[in-house]
Structures are given as structure tokens and as C-alpha cells.
Engineer: 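Below you'll find the structure I mean.
Just so it is clear, the model here is predicted, and its values are computed rather than measured.
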Amino acid sequence: MNGIFTALLTPFNDDYTINEASLKKLVEFNLEKGINGFYVGGSTGEGMVMSPEERKEVFRIVKEAAGDRVPMIAHCGAISTDSAIDMAKTAEALGYTAVSAVAPFYYSFPYPAIRKYYDDIVSSVSIPMVVYNFPGGNGFTFTADYAAEMFEDERFFGIKHTSADLFALQQFKQKIKRPVTVFNGFDEMCLGGLSMGADGAIGSTYNFMADRFLKIYDEFHNGSIEKAQKIQNGANEIIAEMIKYGVFQCEKAVLTHMGIDMGPCRRPFLPISKEGFEAMKKVADDCKAWKAE
Ligand code: MN9
């Protein structure tokens, strides 16, 4: 498992129920672009604002649509270990390649409690774990020293590093004494992550611009850094525009303009403004027209 993985969005109907048909379309759209894998039910998938039952339903739909074509990671992170285990077991039964989890949040758990949470999850299944490090989202920073200790256990496969701290990313690779797969988490610094040693990237904007990031990955590995930079710069113009109006809302709007009806984000995410929705039309046109040089 490496390369470019789409952190799948979850399309909703207007009444906020899961839009199964659009979700299957989105999976197919990404596979056609050549995506290397899927990360299902994470931040981008609005997993934190869905019930465990709904999250398992999304796992089922996505696996049904993708089959065995690419590796798939199911995000099972939750504030409760029992919920996380329940989702992890479902993911394993459905045939997912790996599970992933953010650290439990809200109560500011100390590291030993977080360590035990991960141990309890990996002990409940026989598929490996990708630790989701997202300090900005859950207030816990997974350091390279913690990682070195945790990854002595071979059931830990990789880290999804959603942080601008690329020194930490590099330190994971250096301090963990066995091979570890590190995925860069912020799309706007995908090339930065790759150059600091990331094996791949998992991100939300790949839902609609997987082609650009697959190309960045290739150019980087061919040593064509300037070409990779040019594509990253183009993508970042789009991402900067999205940050103005709300990233997930904008991603859904772009895909809706591209022909996959994604609906709204779940409350408490606010609906996208009219202005934002209009601005995303231009992004959708730009994405439809984009071709690798
Ligand atoms: O999964 C995403 N992380 C979060 C990764 O949303 C927290 C990223 O893809 C960002 O959405 C993206 C925009 O900032 O880099």
C-alpha cells in the first residue's frame, strides 16, 4: 500500500441520508482516474458526524463498488474504544485491507490510554492499523518517539500524517526501526511530504483531482521536481479558493458540477454560500479540462 489514496467524501441526500448511488459513482470516477486506494470514513467522509451504523453502511457500499481493485483503509476512530472495535470488525469482515483510527478525543486522554486504545483495536482484528495523526483535529500529537515504541508491534503498518510538521514526518521514517508506510495528509503540501520521505498521500481533494496528484507522485519519482511543483502550484490555487468557502462543502460542490450529485455536508457544517457554489463551477471546468503534459 502506497501512492495516492482518495479520502472519500460521503454524498448525502437533501435529508442527510447516505446517497448510495452517488457514492458508487464517486468510487468508479476515482478508479477510472487510476487512484491507488481509498481511505473511507475519515474526516473527509464526515465519519465524526455519523453514527457507527451509518459508518459501517458506508464501508459496505464502498467495498461493494470497488471490489478488490485497490487496497482500502477503513477509518474506525471514535471516542469510544468499543465503537472503534465494532467498526473495525465490520471492516475486516467486509474485506478491507487495513483499519485506521484517530486517537480518542474530547477528554484529553493521556498517552497510556491512547496506547491501550490502539492496542485494543488491533487486537480485535487481524488486519493492520494505519494510525491517523491529526493534531489540529483532535488535540493529540503522535510524536516520533511514541511511534517508535508503538511500531515495535508489527500489527502497526503505517501513519496518516495530517500535519504541516514535515520534520515529524521525516522523524517517523528515521526513528521507527522497521519499514513503515507514511502517508502525507495535507494535499497542499503533498510534494513537500513526498520529498521528506512520505510513501504516499491520503487526501480529500483527490476525490476530484486524483489525476493531478498521481502525476505529481510520478514526476517526483522520476526526478522531475519542477514539473511536479508546477502541478502542485496549480492544485494549490484551487485549494486556497476552497479554504475561503469551506473545504468539504466546496469539494462536494465541484463534484456536483462535474455530474456526481454530492448534496450538502452534515450539520453542524454550514451549507455552502451561493457565491462559493458559483465559484466552484470554474474549478469544476478547470478540472474537467486538465490534462497531464
Ligand atoms: O484527509 C484532509 N484532511 C482534513 C485529509 O480534512 C483534516 C486533507 O485532504 C485536507 O482536506 C486538504 C485541505 O486542507 O489538505
Side-chain angles (χ1 to χ4, degrees), residues 5-31 33 35 38-66 74-79 83 87 102 105 132 134 136-138 162 185-188 202-210 235 237-288:
F5 278 47
T6 296
L8 265 185
L9 289 157
T10 306
F12 294 119
N13 298 302
D14 287 340
D15 63 358
Y16 301 108
T17 52
I18 300 161
N19 184 334
E20 179 161 350
S22 284
L23 183 50
K24 289 186 164 165
K25 249 173 126 173
L26 181 63
V27 167
E28 206 51 49
F29 177 71
N30 275 268
L31 286 168
K33 294 216 167 187
I35 201 72
F38 289 111
Y39 187 88
V40 186
S43 314
T44 306
E46 298 177 64
M48 299 307 165
V49 288
M50 294 168 72
S51 70
E53 289 314 308
E54 291 173 308
R55 290 170 65 179
K56 291 190 284 184
E57 182 66 3
V58 169
F59 293 167
R60 178 193 64 77
I61 296 166
V62 174
K63 182 67 186 163
E64 233 174 72
H75 177 259
C76 305
I79 188 173
S83 282
M87 289 183 268
V102 278
F105 38 91
Y132 181 7
F134 183 23
N138 74 352
T162 301
F186 278 128
D187 314 358
E188 50 276 38
I202 298 173
S204 64
T205 64
Y206 313 156
N207 278 278
F208 63 93
M209 49 180 175
E237 260 180 57
I238 293 174
I239 296 172
E241 183 77 354
M242 295 188 144
I243 289 170
K244 282 202 278 195
Y245 302 108
V247 172
F248 304 142
Q249 291 95 326
C250 282
E251 291 169 348
K252 287 188 164 181
V254 169
L255 284 156
T256 298
H257 290 307
M258 290 173 89
I260 304 173
D261 179 16
M262 297 294 291
C265 288
R266 276 249 170 125
R267 295 175 298 175
F269 284 110
L270 292 172
I272 191 167
S273 65
K274 271 211 172 89
E275 189 196 345
F277 192 75
E278 284 308 306
M280 290 308 117
K281 244 184 213 157
K282 195 174 152 282
V283 174
D285 289 340
D286 189 78
C287 290
K288 278 193 261 181

Engineer: Between S43 and F248, what is the shortest heavy-atom contact and its length?
Structural biologist: O-CE1, 3.8 Å

Engineer: Any side-chain heavy-atom pair from E20 and R60 closer than 4.5 angstrom?
Structural biologist: yes

Engineer: Between K24 and E64, is there a side-chain heavy-atom distance shorter than 4.5 Å?
Structural biologist: yes

Engineer: Within this structure, what is the CG-SG distance for the pair L9 and C265, rounded to the nearest 0.5 Å?
Structural biologist: 7.5 Å

Engineer: Measure up the H257 and F277 rings against each other and bin them: parallel (under 30°), tilted (30 to 60°), perpendicular (over 60°).
Structural biologist: tilted

Engineer: When you compare the side chain of K252 with that of Q249, does any pair of heavy atoms fall below 4.5 Å?
Structural biologist: no

Engineer: On a heavy-atom basis, which atom in I272 and which in Y245 lie closest, and how many Å separate them?
Structural biologist: CG1-O, 4.4 Å

Engineer: Flag the pair P11 / I260 as yes when at least one side-chain heavy-atom distance between them is below 4.5 Å, and no otherwise.
Structural biologist: no

Engineer: Test your reading of the model: is there a side-chain donor-acceptor pair from S204 to the backbone of A7, 3.5 Å cut-off?
Structural biologist: no

Engineer: So which heavy atom on L255 is nearest to which on F208, and how close?
Structural biologist: CD2-CB, 3.8 Å

Engineer: State, with a plain yes or no, whether a side-chain heavy atom of E54 is found less than 4.5 Å away from one of T10.
Structural biologist: no

Engineer: Can you name the nearest heavy-atom pair linking L26 to L8, along with the distance?
Structural biologist: CD2-CD2, 3.7 Å

Engineer: With a 3.5 Å distance limit and no angle check, can you tell me whether R55 reaches the backbone of M50 through a side-chain donor-acceptor pair?
Structural biologist: no

Engineer: Apply the side chain to side chain donor-acceptor pair (under 3.5 Å) test between T17 and each candidate in N13, N19, D14; give the one that qualifies.
Structural biologist: N13

Engineer: Once rounded to the nearest 0.5 Å, what's the spacing between atom CD of E188 and atom CD1 of I239?
Structural biologist: 5.0 Å

Engineer: Do D187 and M209 come close enough that some side-chain heavy atom pair is under 4.5 Å?
Structural biologist: no

Engineer: Is there a side chain to side chain contact (heavy atoms under 4.5 Å, CB included) between I238 and T205 once you walk through the steps?
Structural biologist: CA-CA 9 Å; I238 293 174; T205 64; over 6 Å; no

Engineer: Run E241 and M280 through side chain to side chain contact (heavy atoms under 4.5 Å, CB included) and show every step you take.
Structural biologist: CA-CA 9 Å; E241 183 77 354; M280 290 308 117; 3.9 Å; yes

Engineer: Quick check against the 3.5 Å criterion: does K25 have a side-chain atom that pairs as donor or acceptor with the backbone of G259?
Structural biologist: yes

Engineer: Which atoms form the tightest heavy-atom contact between Y206 and N30, and what is the distance?
Structural biologist: O-OD1, 3.0 Å

Engineer: For residues N207 and F29, determine if any side-chain heavy atom of one lies less than 4.5 Å from a side-chain heavy atom of the other.
Structural biologist: no

Engineer: Tell me, with the steps shown, if I18 and F12 meet side chain to side chain contact (heavy atoms under 4.5 Å, CB included).
Structural biologist: CA-CA 5 Å; I18 300 161; F12 294 119; 4.3 Å; yes

Engineer: Counting C-beta onward and ignoring hydrogens, is there a side-chain heavy-atom pair between E251 and T44 closer than 4.5 Å?
Structural biologist: yes

Engineer: Should we say atom CD of E237 is surrounded by more than 12 heavy atoms from elsewhere, each under 6.0 Å from it?
Structural biologist: no

Engineer: Measuring from T162:OG1 to F186:CZ, what's the distance to the nearest 0.5 Å?
Structural biologist: 6.0 Å

